Every structure is written in structure tokens, then in C-alpha cells.
There are 2 protein chains.
Amino acid sequence: MSEGEEIRKAGLKVTGPRMKILMLLEKNDNQHLRAEDVYRMLLEAGEEIGLATIYRVLTQFEVAGLVERHNFEGGYSVFELNRGHHHDHIVCVSCGKVEEFTDDTIEERQKAIARENGFEFGDHSLTLYGRCRDKNCSGRKG
Amino acid sequence: MSEGEEIRKAGLKVTGPRMKILMLLEKNDNQHLRAEDVYRMLLEAGEEIGLATIYRVLTQFEVAGLVERHNFEGGYSVFELNRGHHHDHIVCVSCGKVEEFTDDTIEERQKAIARENGFEFGDHSLTLYGRCRDKNCSGRKG
DNA sequence: AAATCTGATGCAAAAGCTTCTCATCTATTG
DNA sequence: CAATAGATGAGAAGCTTTTGCATCAGATTT
């Protein structure tokens with residue numbers, strides 16, 4: 001399927017910048033990229049694009065459900081393609097490494113806790129912070 | 001017990017600004033305050049203090065284990081006094097309301113998940129994002 | 001296929017949060 | 001009470017993200 005359809009379905013015009021961003025995210029669907037990363041990677045690939053456009057498009061894609069935004073520690077957002085299957089994250093507070101996981105027991109408890117606290121279960125996400133044991137821990141990126 | 005001791009134990013000089021900040025946090029230990037909130041509240045109380053000092057001191061208190069910093073959605077940090085008892089948070093993505101909870105089942109699963117992913121359990125925290133049903137939801141603050 | 005219209009882009013400026021610089025000041029120690 | 005090591009405040013600067021605006025490009029109609 002051509003990516004343009006997903007963009008069109010979101011009520012957005014199928015433009016060059018949007019296609020480039022979506023394709024880049026598809027090529028890196030195992031990573032969590034910052035707007036700045038997307039910008040740099042596209043520039044390095046020889047594409048011409050403005051950083052403001054990246055921010056605008058990523059937000060539009062988020063609203064459209066095409067991508068997910070996460071605000072881990074660090075004061076910036078990271079984005080990943082919405083691959084349909086729900087998952088949570090465990091983030092290393094030292095080096096920023098991100099691992100994904102799902103846990104049925106926790107999913108159940110989440111529903112109960114949300115209900116008990118008067119929260120609507122649906123648009124939810126869970127992030128666990130810890131410290132990884134990687135020998136090269138202390139850098140950054142995920 | 002005088003609060004000064006806690007500050008001294010942390011290897012910091014017991015100064016006016018530090019006392020003021022710590023006492024303010026103690027008076028508002030049911031809230032999650034931003035640096036800006038602490039600043040405004042102290043100014044309104046007639047105290048003279050600089051915003052840079054608030055940021056510095058809060059970070060020092062965090063390192064010393066006196067306060068906890070949380071990076072919920074929104075792109076800024078909130079702080080609360082470390083009251084000793086561990087708890088997690090559920091945050092409304094619409095209005096920013098924050099509720100605290102603890103769940104033994106989830107605590108157990110956290111340990112297992114951290115272990116399975118090669119993360120050290122210890123310095124950890126868990127944040128659940130949802131949407132609350134408050135009738136006056138859509139404002140901000142927590 | 002040209003004209004038209006609506007929306008998208010890029011740049012630069014600006015906003016919001018946080019950190020840094022540095023001169024001055026103050027808590028602690030001898 | 002002098003000396004010293006550390007703390008403070010004000011403003012500048014840094015970093016991420018948003019916004020204003022003139023230009024440009026899809027989409028639609030003729």
C-alpha cells in the first residue's frame with residue numbers, strides 16, 4: 001500500500017515533506033526519534049526540509065494516530081510509528097535506552113487502577129524508569 | 001525536628017533560600033509543584049528569592065533524596081517532597097490532574113519486567129497516562 | 001492543461017523552561 | 001572575627017518547540 005493513502009485518510013494533503021517523514025519513520029520503526037533526529041537524518045539523506053515542518057507534521061501525524069509521541073525524561077519528545085500493537089516502555093535514566101514490553105497482568109491492573117481513580121481507560125500509556133546494566137551505559141539515545 | 005538538619009546531612013549549607021523552599025514543599029506536600037510555582041508562591045509570601053536559586057536548590061534536593069522530580073507530559077518538571085513511602089502516579093493528559101497510587105501486583109511485575117530486560121530495579125518510577133472524568137477537566141495543574 | 005483555491009512549507013523570530021556566568025554575599029571554620 | 005568555601009541573584013544564554021508570514025504546491029474546477 002502506498003503511504004500517501006494514510007496521509008490522505010488523515011485529511012492532510014499528500015506532500016513531499018510528509019511522505020519523506022513517514023517513510024523515514026517506517027525505515028526506523030525500531031527506534032524512538034526526536035524531531036531533531038528526523039531533521040538531521042533527512043538532511044543527511046540529501047532532502048531539503050525545514051525543522052518547523054517536522055514539528056508540525058509529527059504533531060499532525062500524532063493527532064491522526066499515525067505516530068505516537070512519548071515524553072521520556074530529558075525534556076524533549078520522541079516519536080515512533082504507530083504499529084498497531086499496544087506496548088509500554090522501560091527507559092534507562094542513565095543512558096536513555098528504551099525497551100518495549102507488554103504484560104497482561106499489568107494491563108489488567110491498569111484498567112482497575114484507572115477505574116478506581118476515575119480515569120477513562122483508553123488513551124493511556126505506561127512508562128517505567130530504571131537503570132540498565134549495559135556496559136556502555138551512560139551515553140544517550142534510544 | 002528542624003529542617004536544617006536534613007539540609008546539613010545532604011552536605012549543603014543551611015541557608016535562607018533553602019529553608020524557605022523546603023518549608024514551602026512541606027506545607028504543600030499534597031501537590032506537585034513546578035519551579036515556577038515555588039517561585040511565585042514564595043514571592044507572594046513576601047520572600048525575596050531568585051528563580052535560578054529555585055532550580056539549583058530543587059536539583060540539589062533531588063540528588064540528596066529530599067525531593068522527587070517527575071517529568072509528566074507538558075515539557076516541564078514537577079517536584080514533591082520525598083515522604084518516604086513509594087508511590088506511582090496516574091496523570092490526566094487533558095487537564096494535568098495527578099493521582100497517586102500503589103499496587104502490589106504491579107510492583108511485583110515491575111521487578112520481573114526490569115529483570116527480564118536487564119534493568120536494575122531500585123531507582124524506578126511508573127507513570128500511567130489517561131483521561132480523567134472530572135466535570136471541570138481541561139484546565140491545568142495538579 | 002490552465003486557473004483557482006486552500007492548505008503547506010520554510011525561515012526567522014519568539015516563546016517556554018532550564019542552565020550558566022559571574023560578581024556579590026553569607027554560612028561555616030579556625 | 002577573619003578567612004574561605006560555597007551560595008545567591010540577575011541576566012544572558014541554551015535548548016526544544018511554536019508561531020507569523022510570505023511564498024509555494026496539491027487539489028479542484030473550468
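Quantities reported herein were computed from a predicted structural model and do not represent experimental measurements. A note on names: the letters A, B, ... follow the listed sequences, proteins ahead of strands, and every chain is numbered from 1.
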### Task
Kindly indicate whether the side chain of B:Leu128, heavy atoms from C-beta on, has any atom under 4.5 Å from the side chain of B:Asp88.
no

#### Entry: Approximate separation, where rounding is to 0.5 Å, of A:Asn82 CG and A:Glu68 CD
4.5 Å

### Query
Would you say a side-chain N or O of A:Arg56 is under 4.0 Å from OP1 or OP2 of C:dT9?
no

### Query
So, B:Glu80 and B:His89: side-chain donor and acceptor under 3.5 Å apart, yes or no?
yes

### Message
So, does B:Ser77 get its side chain near the phosphate of C:dT18, meaning an N or O under 4.0 Å from OP1 or OP2?
### Response
yes

### Counterpart residues, salt bridge (charged side-chain N to carboxylate O under 4.0 Å, His left out), relative to A:Arg109 (two or more places apart)
B:Asp103

### Message
Without decimals, in angstroms, what is the distance between A:Leu42 CG and C:dT9 P?
### Response
12 Å

#### Entry: For atom OH of B:Tyr76 and atom P of D:dT17, their distance in whole Å
15 Å

#### Entry: B:Asn71 vs A:Leu51, nearer the 5' end of DNA chain C by closest nucleotide
A:Leu51

### Query
Whole-Å distance between D:dT19 P and A:Ile54 CD1?
17 Å

### Summary
With sequence neighbours left out, the residues meeting side chain to side chain donor-acceptor pair (under 3.5 Å) with A:Glu62 are A:Arg69

### Query
Roughly, in whole Å, what's the span from CD in B:Glu36 to P in C:dT18?
9 Å

### Message
Below the 4.0 Å mark, does C:dG16 have OP1 or OP2 next to a side-chain nitrogen or oxygen of B:Arg34?
### Response
no

### Message
If I take atom CD in residue A:Gln60 and atom C1' in nucleotide C:dA8, what distance separates them, rounded to the nearest angstrom?
### Response
8 Å

### Message
Could you tell me how far apart B:Tyr55 (OH) and D:dG14 (C1') are, to the nearest whole angstrom?
### Response
13 Å

### Message
Using a 6.0 Å cut-off, check whether atom CD of A:Glu44 has over 12 heavy atoms from anything other than its own residue.
### Response
yes

### Task
By nearest nucleotide on DNA chain C, pick out whichever of B:Val78 and A:Thr53 is the more 5' one.
A:Thr53

#### Entry: For atom CD of B:Glu73 and atom C1' of D:dT17, their distance in whole Å
15 Å

### Task
Using a 4.0 Å cut-off on protein heavy atoms (strictly under), produce a 5'-to-3' string for nucleotides 25-30 of chain C with B for base contact, S for backbone-only sugar-phosphate contact, and - for none.
--BS--

### Under 3.5 Å: donor-acceptor pair, side chain of A:Arg18, backbone of A:Val57
no

### Task
Provide, to the nearest angstrom, the distance between the OH atom belonging to B:Tyr39 and the P atom belonging to D:dT8.
15 Å

